[in-house]
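Taking it in order: structure first as structure tokens, then the write-up.
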Amino acid sequence: KKPRTTASQADNNGFDDDRGDYLWNLHDHIGFRYEILGVLGKGSFGQVLKCFDWKLNQLTALKIIRNKKRFHQQALVEVKLLQQLKQRDTDGSAAVVHVTDHFY
């Protein structure tokens, strides 16, 4: 488990660290849908969590963008790009990630 920091508006009431990364806890739920099972990776834009999607009843990766304004627009561009890739890969033969959902 990751320790919570002191709650303030600057760190999203204790849900983010000083970099703006979400402070996740094992088995927490996001959006009453995704149960956190672990971390798959971290990068300059945020982190990718291994989750169980209770709506679709399957494992999934959930990318959480850092809570800093400069990353928000780039994340929206990435969503559009991933949606276009999915539309063009109708048979699933391309080795690309298929976005199933996004939320802000």
Side-chain angles (χ1 to χ4, degrees):
K1 277 188 170 180
K2 292 186 175 188
R4 295 266 186 214
T5 59
T6 305
S8 74
Q9 291 299 326
D11 62 10
N12 194 20
N13 296 307
F15 289 98
D16 298 339
D17 65 13
D18 58 345
R19 283 180 16 112
D21 280 317
Y22 178 66
L23 296 171
W24 60 274
N25 287 303
L26 194 61
H27 302 297
D28 269 355
H29 285 77
I30 296 175
F32 301 100
R33 177 174 176 178
Y34 304 100
E35 180 179 354
I36 300 172
L37 302 177
V39 65
L40 293 173
K42 291 182 179 185
S44 59
F45 282 84
Q47 53 196 327
V48 179
L49 301 178
K50 178 181 180 179
C51 295
F52 188 80
D53 182 342
W54 286 97
K55 181 178 179 181
L56 299 178
N57 202 31
Q58 65 185 20
L59 289 174
T60 191
L62 186 66
K63 184 172 185 177
I64 301 179
I65 303 300
R66 286 174 52 195
N67 192 13
K68 298 288 183 183
K69 190 173 185 172
R70 66 181 183 263
F71 297 110
H72 294 180
Q73 184 61 36
Q74 184 58 38
L76 294 174
V77 170
E78 183 176 0
V79 167
K80 285 183 182 181
L81 177 64
L82 288 170
Q83 288 172 331
Q84 290 175 357
L85 288 172
K86 183 179 179 180
Q87 287 174 347
R88 293 189 175 141
D89 184 27
T90 56
D91 64 354
S93 63
V96 296
V97 172
H98 281 203
V99 64
T100 55
D101 195 10
H102 72 281
F103 49 92
Y104 192 89

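Position 1 is the first residue of the sequence; numbering continues from there.
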Item checked: Verify same cluster id: Y22, V39 (apolar side-chain graph, 4.5 Å) -> yes

Next item on the list: Work out which heavy atom in K68 is nearest to a heavy atom in D18; give both atom names and the distance.
Entry: NZ-O, 3.5 Å

Notebook entry, point to check: Using 30° and 60° as the class limits, which term best fits the ring planes of F71 and F45: parallel, tilted or perpendicular?
Noted result: perpendicular

Margin query: Below 30° counts as parallel, above 60° as perpendicular, anything between as tilted: where do the rings of Y104 and H72 land?
Written below: perpendicular

Next item on the list: Starting from L56, walk the hydrophobic network (Ile, Leu, Val, Met, Phe, Trp, Tyr; side-chain heavy atoms closer than 4.5 Å) and list everyone else you reach, by chain and number.
Entry: none

Checklist line | Heavy-atom closest pair, residues V96 and D89 | finding: CG2-OD2, 3.9 Å

Check: Given the rule that I, L, V, M, F, W and Y join up when any side-chain heavy atoms are under 4.5 Å apart, are I64 and V48 in one cluster?
Finding: no

Checklist line | Nearest-0.5 Å distance, CZ of residue F52 to NZ of residue K55 | finding: 14.0 Å

Note to self: Using 0.5 Å steps for rounding, measure from the CD1 atom of I65 to the CG atom of D21.
What the structure shows: 10.0 Å

Item checked: Point-to-point distance, once rounded to the nearest 0.5 Å, from CG of L40 to NZ of K63 -> 12.5 Å

Check: In Å, rounded to the nearest 0.5 Å, how long is the span from CG of L81 to NZ of K86?
Finding: 14.0 Å

Check: Do I30 and W54 sit in the same hydrophobic cluster, where Ile, Leu, Val, Met, Phe, Trp and Tyr count as joined when their side-chain heavy atoms come under 4.5 Å apart?
Finding: no

Next item on the list: Report, as yes or no, whether the 6.0 Å neighbourhood of atom NZ on K50 holds more than 12 heavy atoms from other residues, nucleotides or ligands.
Entry: no

Notebook entry, point to check: What's the spacing between D53 CG and T60 OG1 if we round to 0.5 Å?
Noted result: 6.0 Å

Item checked: Non-hydrogen side-chain atoms of H27 and L37 separated by less than 4.5 Å -> yes

Item checked: Shared hydrophobic cluster, L76 / F103 (ILVMFWY, side-chain heavy atoms < 4.5 Å) -> no

Margin query: Rounded at 0.5 Å granularity, tell me how far CZ in R66 sits from NZ in K42.
Written below: 11.5 Å

Margin query: Quick one, D101 with R33, criterion salt bridge (charged side-chain N to carboxylate O under 4.0 Å, His left out). Give me CA distance, side-chain angles, the key distance, then yes/no.
Written below: CA-CA 12 Å; D101 195 10; R33 177 174 176 178; 3.1 Å; yes

